[in-house]
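What you are looking at is a predicted structure, and each value in this text was computed from that prediction instead of being measured.
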2 protein chains.
Amino acid sequence: MVANALKRGPELAAGAIRTKRKDRADRWPELVTAAAELFAEKGYEGTSLRDIAERLGMLKGSLYHYINGKSDLLVHVMREAHARGLRTIAAQAEGEGRAVSLLETMVEAHARYVCTETVFTAGFIEARKHLPPERAQEFVLEERAYRLRVEALVARGQAEGDLREDLDPKVAALCLLGFLNSLHNWVRPTGVHSIRRICDHAVALGIGGMRCR
Amino acid sequence: MVANALKRGPELAAGAIRTKRKDRADRWPELVTAAAELFAEKGYEGTSLRDIAERLGMLKGSLYHYINGKSDLLVHVMREAHARGLRTIAAQAEGEGRAVSLLETMVEAHARYVCTETVFTAGFIEARKHLPPERAQEFVLEERAYRLRVEALVARGQAEGDLREDLDPKVAALCLLGFLNSLHNWVRPTGVHSIRRICDHAVALGIGGMRCR
DNA sequence: ACCGTTACCAAACGATCGTTTGGTGCAACC
DNA sequence: GGTTGCACCAAACGATCGTTTGGTAACGGT
């Protein structure tokens with residue numbers, strides 16, 4: 001390749017305020033966030049590396065300084081989502097007390113996360129859908145553990161006499177989690193309904209139907 | 001459109017080893033179905049016209065005999081989904097009786113449709129997401145009307161003393177519909193849980209939480 | 001038996017995709 | 001103050017995208 005060495009235009013944008021050069025520690029979260037936002041907005045395949053790079057003020061080729069390929073972004077969006085959401089929510093399920101009240105705490109935490117971080121949640125769900133099965137292995141255990149925990153709480157709630165015995169804990173858990181993860185589709189953090197009130201509804205509607213009458 | 005009044009060729013069924021050349025009336029539903037399936041499977045942007053054509057046994061360029069562009073498929077998947085699902089479900093909300101029992105009938109019908117036609121539902125939701133706003137106009141009225149109908153049923157259920165008064169009908173309706181439309185993510189028509197039982201859960205969980213205690 | 005239409009093929013178009021390569025300026029360090 | 005490494009640019013790569021064009025074989029109506 002011919003060296004285009006000396007021909008650089010001396011243009012640096014006149015009185016530009018010179019900010020410090022960003023290093024990896026600054027750029028990396030920006031990269032993952034931009035990817036999550038764009039995946040949420042336009043879908044994974046609908047988002048080009050040029051889109052992502054543009055949002056960061058660089059060229060698409062430069063992204064390869066941080067990643068090995070586009071699908072790396074899927075993995076890292078998933079990891080960030082797990083770190084931010086799933087683990088902190090699951091932690092709420094620790095503690096003592098009746099299963100149904102633990103379940104309430106958990107549902108409230110889950111709903112709050114989904115409603116406040118709608119774009120990241122949407123980005124996560126989009127990433128989940130396009131993640132090749134081999135690269136999903138690192139997440140399936142954790143996600144299944146979370147689902148099984150909800151299932152177990154439902155079953156314990158039934159044993160403790162708080163929840164209807166005629167429901168299948170597994171089906172109920174799938175319904176509940178599917179419901180919670182659907183909130184991001186219409187909830188807007190700046191919308192007319194307060195997050196607080198929406199979460200109250202989520203708890204009431206998500207768990208109320210399981211209660212004994 | 002021209003009336004295809006006096007119909008069919010004289011020799012339809014004779015032996016028929018030789019399959020007749022497919023005409024527009026045969027091909028068109030195949031096209032829309034193939035598009036819906038592939039959109040459900042790989043997403044809109046992840047599906048190429050070559051994918052769709054291949055499933056029909058033709059070349060991608062040939063699709064332009066039926067459509068003017070890729071986005072036409074979004075519209076027609078939506079139309080078919082509305083025709084199959086939304087309208088027949090909404091019809092269940094007619095009739096008399098207490099609001100809550102109408103609501104039950106409606107939820108059951110909605111759940112049943114989503115659970116039996118999972119791929120078409122997924123294709124519809126994918127299409128909905130990528131439909132440009134101008135082309136969505138033809139659907140927004142109908143969809144809003146459906147949502148408002150649910151909302152009104154909830155409000156009437158409250159007035160009739162069957163449903164909790166402390167719930168916002170609008171938020172409750174959005175939660176309920178979001179929940180129902182999320183079922184396709186995990187329900188498999190051939191799965192271990194019968195559709196019948198899943199729909200029972202959907203009704204119990206979807207409406208039970210709204211009931212007065 | 002002809003004729004026009006229909007359903008599709010075959011081949012190309014420019015645009016854009018993800019990815020690779022080699023080079024460049026800035027900043028920290030000895 | 002020269003060296004080294006890092007963050008990023010600039011340009012190209014082949015592949016594939018949606019779309020257009022011109023042609024053709026099979027069919028239905030007369």
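Ring centers of A/His110 and A/Tyr146: under 6.0 Å apart, within the cut-off.
Using the six-membered ring where Trp is involved, B/Trp186 and B/His193 have ring planes that are perpendicular, over 60° apart on the 30 and 60° scheme. Ring orientation note: the planes of B/Phe179 and A/Phe179 are nearly perpendicular, at an angle over 60° on the 30°/60° scale.
Protein atom CG of A/Asp26 is 14 Å distant from nucleotide atom C1' of C/dA27, rounded to whole Å. In this structure, A/Trp28 places its CH2 atom 15 Å from C1' of D/dA7, rounding to the nearest Å. Protein atom CG of B/Leu63 is 13 Å distant from nucleotide atom P of D/dC17, rounded to whole Å.
The closest side-chain heavy-atom distance from B/Leu131 to B/Phe139 is below 4.5 Å.
Under the 4.0 Å criterion applied to side-chain N and carboxylate O atoms, B/Glu30 and B/Arg55 are not assigned as salt-bridge partners. Using a 4.0 Å cut-off between a side-chain N of Lys or Arg and a carboxylate O of Asp or Glu, B/Lys42 and B/Glu37 do not qualify as a salt bridge.
In terms of phosphate contacts, B/Arg24 brings a side-chain nitrogen or oxygen within less than 4.0 Å of OP1 or OP2 of C/dA7. Within the 4.0 Å cut-off from OP1 or OP2 of D/dC6, not a single side-chain nitrogen or oxygen of A/Arg27 is found.
B/Arg84 forms no cation-pi arrangement with B/Tyr113, by the criterion of a distance under 6.0 Å to the ring centre and an angle within 45° of the ring axis. Cation-pi contact between A/Lys70 and A/Tyr64: absent, since separation from the ring centre below 6.0 Å together with deviation from the ring axis within 45° is not met.
At a non-hydrogen distance threshold of 4.0 Å, A/Gly57, A/Met58, A/Leu59, A/Ser62 from residues 46-62 of chain A come into contact with DNA chain D. A heavy atom closer than 4.0 Å to some atom of DNA chain D occurs in A/His65, A/Tyr66, these being the qualifying members of residues 65-74 of chain A.
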